[in-house]
Peer 1: 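My questions all concern the structure below.
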Amino acid sequence: MRFTPIREILLGKHENAKVVIRGWVYRKREGKENIFILVRDSTGVIQCTVKAGSSAWADAERLTIESSLSLEGTVKQDKRAVGGYELSVDAISIVGLAELFPISKDKSEEFLRDVRHLWLRSRRMSLIMRVRGKVQKFTDEFFESQGFVEVSPPMFITSACEGGSTLFGLKYFDQNMYLTQSAQLYLEILIYSLEKVYCVAPSFRAEKSRTIRHLTEYWHIEAEQAFADMEDLMRLEEGLLAHICQRATEQCKEEFAELKADMSKLALVKPPFPKITYTEGIERLKAKGFKVMWGEDLGYEHEKALAEEFGKPFFIYDYPKQIKAFYCKTHRDRPDIAMSTDILVPRIGEISTGGAREDDKDTLVARIKEMGLKTDDYEWYLDLRRYGTVPHVGFGMGLERLLTWMLDLENIIDAIPFPRTTRRFYP
RNA sequence: GCCGCCGUAGCUCAGCUAGGUAGAGCGGCUGGCUGUUAACCAGUCGGUCAUAGGUCCAAGUCCUAUCGGCGGCGCCA
């Protein structure tokens, strides 16, 4: 049996032809003369009409919202149907008669989160998931074009990447292990053979953050590049973002329109991005009346204020060493300044952090001790500096934060099908 | 970790300020009507007011604790 995608019918390709479609009941309106069944499949929604007296009438009467079915009928152009085409039904075959569907007209955020496994069927969620899939594809396209190799980092790790306080611990047989919070250190291993590597993989953070931009499990776009400096890094990052935004404007028009997401902001994402130093950021904030001291990390309000000025993604770089991780390289002539850069976007703030990694073994050992960490935990990491060390850079970008910004989502949880937050991890 | 808000019918909410018989809309069911557009009209079913304790003649309403949820800050991507 050949089934016709609903989208093809709506595009006018099957006018007056007999077709068979399959899908789920989206809405149903019942009268004496007609039953109107709105059927959705993965490609669209179409109105199907069943006339009184038709052999399909009894089945049409039984149908409930979200029942799965196939319908045979004739495609008719009809202005009265949303979409311009409808199916005049000859036969219905019910696949799975649905029980009373819990999601109806009125719905609260809280309830929809409780039934997320059903809410994912909604038009809105499927559109977002489509864009998410595309953005992942665009990411692969970009790295492919730049000669990067996609690699697969581990999820089980033995020690922290950054500190330790935000790790999820777990029992690994008789030992304690953790879920990774970044693939960075593992990508660093791989540049010694592949030079340019990237991955898109989950990162886990046990931060009890209660905000619209935090997940405990999020997908992390990470890359590392050997023989590269900060300029290479920023060029890579802005190239990636610009490519994703460019391709989204080409391929995701319908999704943006239906989600009422503002697509015009994507056109502003063109290299080179605005770039300011941390010091300049502090000055700008002071000029705006914020009470910030050089050396303090920027808070969310600070980030938002700066991002508003630019109205598009931009870089902040050259942070004070003390607010950055142990592996961060510092300027040789300004040892208090870390070669680190963030990308900030309006409304969300930070979506990416990257930088040069310390490539000198002794400096790295000193930094590890300075931060109160144990060199024993980083023996293999130090090996990378013992055997053919190279200057290298890398970054990590939060896929869901990127999508939240692109699609104007109110909360990051809608950027991922199965969000894990401090309070929610079902289904 | 700190702070704020919320929890009443399957769903969305009102009722709480100032204690006095548990309400509406949607959904379901029954009937009617209509080429309907998240249809409409009538009727009907539906509730241990999150849980536990307290105050009171009387608690959905006031007090305390607990549980659950949402958000802000911090931290981060």
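Chain identifiers are assigned alphabetically (A, B, ...) following the order of the sequence lines, protein sequences preceding nucleic acid strands; residue numbering begins at 1 within each chain. Only heavy atoms go into these numbers, but all of them, side chains included; no hydrogens, no water, no symmetry mates.
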Peer 1: Starting from C1' on U36(B), measure out to OH on Y26(A) and report it in whole angstrom.
Peer 2: 16 Å
Peer 1: Compute the centroid of each ring, for F101(A) and then for W24(A), and state whether the two points are separated by less than 6.0 Å.
Peer 2: no
Peer 1: With a 4.0 Å cut-off on heavy atoms, is S209(A) in touch with a base, just the backbone sugar-phosphate, or nothing at all?
Peer 2: base
Peer 1: Within residues 63-72 of chain A, which residues have any heavy atom lying less than 4.0 Å from an atom of RNA chain B?
Peer 2: none
Peer 1: So, using side chain to side chain donor-acceptor pair (under 3.5 Å) as the criterion, who are the partners of K312(A) when residues are at least two apart?
Peer 2: none
Peer 1: If we count only N and O atoms by modelled type, under 3.5 Å, do the side chains of D318(A) and H331(A) hold a donor and an acceptor together?
Peer 2: yes
Peer 1: Determine yes or no for a side-chain-to-main-chain donor-acceptor pair under 3.5 angstrom, with R284(A) supplying the side chain and L306(A) the backbone.
Peer 2: no
Peer 1: For U12(B) and K107(A) - does any side-chain N or O of the residue sit under 4.0 Å from the phosphate oxygens OP1/OP2?
Peer 2: no
Peer 1: Hey, what's the ring geometry for Y278(A) with Y319(A), parallel, tilted or perpendicular (30° and 60° as the breaks)?
Peer 2: tilted
Peer 1: For RNA chain B, what residues of residues 112-138 of chain A have any heavy atom nearer than 4.0 Å?
Peer 2: R113(A)
Peer 1: Near RNA chain B, which residues from residues 36-54 of chain A have a heavy atom under 4.0 Å away?
Peer 2: F36(A), Q47(A), T49(A), K51(A)
Peer 1: Taking only the C1' atom of each, what is the distance from C26(B) to U66(B) in whole angstrom?
Peer 2: 33 Å
Peer 1: With the criterion being N/O to N/O and under 3.5 Å, what pairs connect the protein with nucleotides 25-27 of chain B, and how long is each?
Peer 2:
unit_1 : atom_1 : unit_2  : atom_2 : d
G25(B) : N2     : D106(A) : OD2    : 3.3

Peer 1: Please state whether the rings of H243(A) and F142(A) are parallel, tilted or perpendicular, taking 30° and 60° as the class boundaries.
Peer 2: tilted
Peer 1: Not counting sequence neighbours, list each pair that qualifies as a salt bridge (Lys or Arg N to Asp or Glu O under 4.0 Å) and has a residue in residues 73-86 of chain A.
Peer 2: D78(A)-R80(A)
Peer 1: Base, sugar-phosphate, or nothing: which does F111(A) touch, judged by heavy atoms less than 4.0 Å apart?
Peer 2: sugar-phosphate
Peer 1: Give the rounded distance in Å between these two atoms: CD1 of I244(A) and P of A77(B).
Peer 2: 17 Å
Peer 1: Name the closest nucleotide to the E303(A) side chain, picking from C76(B), A77(B), A38(B).
Peer 2: C76(B)
Peer 1: Does a side-chain N or O of K208(A) approach OP1 or OP2 of G1(B) to a distance below 4.0 Å, or not?
Peer 2: yes
Peer 1: With a cut-off of less than 4.0 Å, is there a side-chain N or O of R424(A) near OP1 or OP2 of C70(B)?
Peer 2: yes
Peer 1: Hey, is the side chain of T166(A) poking within less than 4.0 Å of OP1 or OP2 on C76(B), counting only N and O atoms?
Peer 2: no
Peer 1: Please confirm whether F326(A) and Y378(A) have ring centers closer than 6.0 angstrom.
Peer 2: yes
Peer 1: With a 6.0 Å cut-off on the ring centroids, do F314(A) and F273(A) count as close?
Peer 2: no
Peer 1: So, Y218(A) versus H220(A), ring centres under 6.0 angstrom or not?
Peer 2: yes
Peer 1: For the C1' atoms, the ones on U17(B) and on C57(B), what distance do you get once it is rounded to whole angstrom?
Peer 2: 23 Å
Peer 1: Taking 4.0 angstrom as the limit, do E254(A) and R7(A) come out as a salt bridge?
Peer 2: yes
Peer 1: Counting the atoms with a prime plus P, OP1 and OP2 as sugar-phosphate, which does G349(A) contact under 4.0 Å by heavy atoms, base, sugar-phosphate, or nothing?
Peer 2: nothing
Peer 1: Can you tell me how far P in C3(B) sits from the matching atom in A65(B), rounded to whole Å?
Peer 2: 13 Å
Peer 1: Can you classify the ring geometry of F290(A) versus H302(A) as parallel (below 30°), tilted (30 to 60°) or perpendicular (above 60°)?
Peer 2: perpendicular
Peer 1: Measure from the side-chain heavy atoms of R210(A) and tell me the nearest of A77(B), C70(B), G35(B).
Peer 2: C70(B)
Peer 1: Give the intermediate values and the outcome of salt bridge (charged side-chain N to carboxylate O under 4.0 Å, His left out) for residues K304(A) and E350(A).
Peer 2: CA-CA 9 Å; K304(A) 264 209 311 207; E350(A) 215 173 315; over 6 Å; no
Peer 1: Between C1' on G74(B) and CD1 on I323(A), what's the gap in Å once rounded to a whole number?
Peer 2: 14 Å
Peer 1: Could you tell me whether R213(A) contacts a base, only the sugar-phosphate backbone, or nothing, with contacts defined as non-hydrogen atoms closer than 4.0 Å?
Peer 2: base
Peer 1: How many Å lie between CZ on R423(A) and P on C6(B), as a whole number?
Peer 2: 16 Å
Peer 1: Categorize I212(A) for me: base, sugar-phosphate, or nothing, with a 4.0 angstrom heavy-atom threshold over every strand shown.
Peer 2: sugar-phosphate
Peer 1: Using a heavy-atom cut-off of 4.0 Å across all strands, would you classify E301(A) as base, sugar-phosphate, or nothing?
Peer 2: sugar-phosphate
Peer 1: Using atom P of each nucleotide, how far apart are A42(B) and G60(B) to the nearest Å?
Peer 2: 32 Å
Peer 1: Round to a whole Å and report the spacing from CZ of R62(A) to P of C29(B).
Peer 2: 14 Å
Peer 1: When we call it a touch if two heavy atoms are under 4.0 Å apart, what does E86(A) touch: a base, just sugar-phosphate, or nothing?
Peer 2: base
Peer 1: Work out how far the C1' atom of A24(B) is from that of U37(B), and round it to whole angstrom.
Peer 2: 26 Å
